Amino acid sequence: MTETDKPVLITKKEWEKKMQESEISTLDMNKLIMEYLVIEGYKEAAENFSSETGLAPCVDLETIQERMLIRNSIQNGNIQAATELVNELNCELLETEPELFFKLKQQQLIELIREGKIEEALEFAQEELAVKGEEFPELLPELEKTMALFAVDLNSCSNSSPKLSHLDSAIAHNPDIPEDIEQLLGYKQRQKLASKLNSALLAAQNQPSESRLPSLLYLLVWSQKLLQSDANFPKIVNFFTGDFEYPSEPSSKKPS
Amino acid sequence: MEQENTENQDSIQNTQLLSENIDAQTLAFNPENTESILPQSSHDNLESLDLTADESNIDPELSSNLQQFSSNSYLSNWAPLSEQSENSLRFVERSRGTTRSSLIPSVSYIARLSNNSQIRRTPLRLIRPSGSNTSSFVAGFELQESDGHVLAYQHNLEDEYEDSDQDQEDSERDQEDSDQENEWQIADSSFSQAYGSLDSEAENNEIEKHLSQVYTDADADDASINLFSKLIFPTYLNNSHFGLLKKSQQEYIKAFLKLDPIHFSDSDYNWIDSIFLDSSSVSTDSNIDIVNPSIPQNYTVSKKTFKKLLEKNSVLRKSLEFPTHWNKSDINKNLKILNDMLQADYIGSGRDDEDSGMLRTNWPMPSTCGVFYYETTIINKGRNGYIGIGFCSSKVSLSRLPGWDPDSWGYHGDDGNSFKSNGHGTSYGPKFTTGDVIGCGMNFITHEAFFVKNGVFLGVAFKDLNPSFPLYPSVGMRTPGEKIKANFGQNPFVFDIESYIISQKNLLWDNIMDTSIKQMLESSTIKCLQTSTNPTDISCCLPITDVKFSKNEMDDTISNSLVQPTSENNLVKISLQDFNENKISPKNSLLFSLMNLSNNNSSLHNEYLPSEKDTINELILSYLIHHGHNNTADIFAKNVIGINTEAAKKTINSSKVFQINQLLDYKKRQVARRKEICNLVEQGKILDAIKILKDNYPSIFKNNPNLIFSLRCQYFVQLAEIANSGLSSFRNMISLSLENTTPLVKSNDFCDESNVLNYYERFGFNKLDSDKDKSNNSVEYPSRSNDLNDIEMNSGSDYQKDPRYDADTLQHDVNKNAEVDSVMEIDDFFPSTAISEASEMQLENTARTLNFQKLYFSDTFPDFSREYCNVSSQQDASKAMMCYGQKLNSYYSTFNDSNMDLHLSKLFLIFAFSDPLNNLHTKNLFNKSNLYEISKQTNSEILVAEGNLTCTPLETIYKQTEFCLSSLTEKFFHGSTSVISLAQKFKTQHR
């Protein structure tokens, strides 16, 4: 995009004025942070933050611990343990959320396959998953996808044992395996489930199930991108420092 | 006149206390007396000022000290009040949008001002007229106390009657910001922003355009319009920027209409009330789309009144630029609009397509409403039911149906086809006929249009609608007997438009959350790494990332990237160096990024990008530290690391924790030091504060000489206070400002090095370091001090290039005695600079990398001369004051700064009076709140000097996002951004 495509220049001065007008109170920001700490499970930090700011945590901090245990179990691949913990914390949750229950079972199956316990996995799939699939037809496509894992030669996936592919795009993508099936084996799959479960648990406690702070990052990138096609303006170019890149003002000639 | 009186009666009950500092001594307000003291002025006589000082009805004991003011006149006429008494009271009132025309509504105020000198803050009482729950005026007071200090009060009457969100926000702000004056400014700035003036010609054109929508030129001033159609507020708009804008004006219109007693009777008021109250109350009930339908729909207002209303402000006009009815001057001759401006009948011959007729609305659909929606009822399908519903530009010929021509789009009843700018329809939906209600929606978020039949969504009809011209809702008919009636929100919609908008909003959010921030993360990381490639600066590193692998992989990754042997030695070196150079700040050192990656960073970021959560963690940590939440920061850092690494690598853990602790310690000391300085200032220990400032933040002396100047003036004032006050208070002062201070400021302790070092240790300076630095530099001292006077005149950059200050030449080993001697020697020539210079020496070495030389060499003010440091009696104090005053004068006169000169001459007025503490002219110099002000300034200056942004990256990101969104909406009229409200999402609200 060249300079001529951006007819409007928002000068630094204009921008500074706007920035000064914009304001978020410390209280609001603290609340956002508290929400993040609670939802992400930083229990001690939340406790301290509460005492340092006088802001009451929006939730019983004890429940954070339990949620975190569940999250960690899933992230470590210990689905059985996670399921038990969920039932301990909220025995009705999995009954009222059949999709979540299915996802847990699905993950458990994936872990079995990963560990190479193919026979055990087959048995598990027939006994646990298929039933769910019959009961809730909308889950069938997902079930099919999972079953496709049996058809995949996992050893070709990576050296010997199927590892978690943790990166957004697996470095060495195996062309023989459909991408969406390969994704099932990824670490992201565990993470997704963990987040989903976390949200469900929070929702069951009548808590906001997602912290709002991360969306700010997306909103920033999105809105800067959108504004970019209309105007030249000072942009944040560094998340960590909040550093800006200023557009060249008309007087100064600068190659773009 | 009758009405006036009832207003007064009511207002008594609505008495409201403005000041939070109501003193018990103040009289209770006696409602029975009010009538007599309230002005009887009429609206015709706005120029007059009504000031009634009625003392007869008031407690006789206090009546002499009490004056009551009331006024319902112009602000400009309130000013003379200030000359009425010694406790002058100045009113400043603004009503939204009316300042320019300087029309002040009939709001009455009664203020009580006690002359009792004990009551410093005089409570004010604000009384509103009856029905004041409709008022939208910002009332403000500036209370000028006898000492000249001005306290500003403002109160937004709207507060209690706005919707709950607003209420919440306001009260929040009140809580946060107890500083009244500050608040006043806030009110002020938003005021001018919202109601910025237009040049008058453009303004007139705008008004004419509005008027022409309703009146013809021939209409007399008292020709009426139906105000109802103007004021409709479909609640689906609540989700958008346009809706918020419109909403903000409703109160205003309501208030305005109340103020026009010529045209409105009592019943009118009630009606207007109901229209507004309804519009806000329905917002909570998503099923009702319009204002209470029971209100009369034939309510009219004269052209004159309407014009008056429009003249008020441009925001109001903008908020009215919304399709509310058909435009009777934008219609084909084959059609006829009925009186309600909503129904249109076909009156042509209907022989062929040439006899088609179309009509458009009064205004185009505003894109900032996000989604625009209207419904059309087919009253009669006529002969053939050739009815087209849609929208088009203002240029499209009116003898066509919508959709046939370029720049027009429509859905036709006879075949159910959609027409997109040409005569050939595309199969789209069902046919429609008599009795059907057809909805037409324009989605500015997705740039799509859709239709609805009898409440059933028919799907997207047109895509990629992003024309540069405005679009008007339009309907066309072709055969005799056809009749339609439009509904732009006057009546409830058949379709649940609100749910539709909410689902669109959610989709938009999904979209936003799908935005790839990877690139940004990458570039941010690279930027951080780039900083660290500078060999002199090794404190910058990659943020550690959320570790999200199994243990096996952890090992891999860690050995690859994370724990490249960060030797402990290296680490200590970094930290000490950084600490001493004030170098660690959120700007150049990431908190979770303590891993030193300078060796193999090139390969790193490819494989190892921070995640969104790492970023948030980073931002939160810098926020916590910035705001001094040290414990939380500490634990948060450990929590994040602990959770992520589990028990995987104890070693990394410990080294990371160690580093974070180091950083936190440093930060803590920094915060503690900042707080200490500010406390010192607040307590009046100015010299101590200057001392620490000089030692730790020399850049302030260069960058903000005004702050230092203020501090020094303050010290002068204090000396004056001591000199002019009794001994008891003097003792007090001394103990406050001098005795308890560090040994440094005591005379004769200058050269006692242990004291100096103790001092440094107290403020977090490493003894070893200062020792070393001192010995490194002090030999240069005499010559440099001499140079100083010359150099001061030169610009700092020249100075920097001076080879004598090259690092190498300074690295001489010198023994300490020589240093001390030199200090003593110089003491004779520069009696005052000795100790301060000596301490500056210590900083010199460390500061060199930051180019600080030029910064603190420019300040040679003798702060610590024993002539005025060593004050032990009142006489001493006067002497010291004289001496210090002279120094101030001679030093700062070289700055050639008119403000400084002005302040100095004010300051030296103290010499002129025998009792400056109580003299009217000098009294306010001794006001203790000055200290608080200076302390606040100092705080922010230190933050700047520490390299901290005045707000944290997290807050910067918030502000920038808000900037982008509001620019997109207000400047470029994006539909998508106009349905996103940052405040709604991130600020406190009921969840």
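Predicted model, so just to flag it, every value in this text is computed and none were measured.
For B:F972, the ring-ring contact (aromatic ring centres under 6.0 Å, His included) criterion is met by no residue, not counting sequence neighbours.
Taking chain A as the reference chain and counting heavy-atom pairs below 4.5 Å, the highest number among B:L954, B:T977, B:L624 is found for B:L954. With chain B as the partner, the residue from A:L213, A:L219, A:V221, A:I33 showing the most heavy-atom pairs under 4.5 Å is A:L219.
Both cation-pi conditions hold for A:K235 and A:F233: the charged atom is under 6.0 angstrom from the six-membered ring centre and inside a 45 degree cone around its axis.
Salt-bridge check for A:K17 with A:E14: failed, with every basic side-chain N at 4.0 Å or more from each acidic carboxylate O. A:E40 has a carboxylate O that lies under 4.0 Å from a charged side-chain N of A:R71, or vice versa, which qualifies the two as a salt bridge.
For chain A, the nearby parts of B:I512 are the backbone and the side chain; heavy atoms of each come within less than 4.5 Å. Residue B:I980 touches chain A through its side chain alone, counting heavy-atom pairs closer than 4.5 Å. Only the side chain of B:E962 comes within contact range of chain A, with at least one heavy atom under 4.5 Å from a heavy atom of that chain. Looking at A:L216, both its backbone and its side chain come within 4.5 Å of chain B, counting heavy atoms on both sides.
For the 3.5 Å distance criterion, the side chains of A:Q228 and A:Q224 fail to qualify, holding no donor opposite an acceptor.
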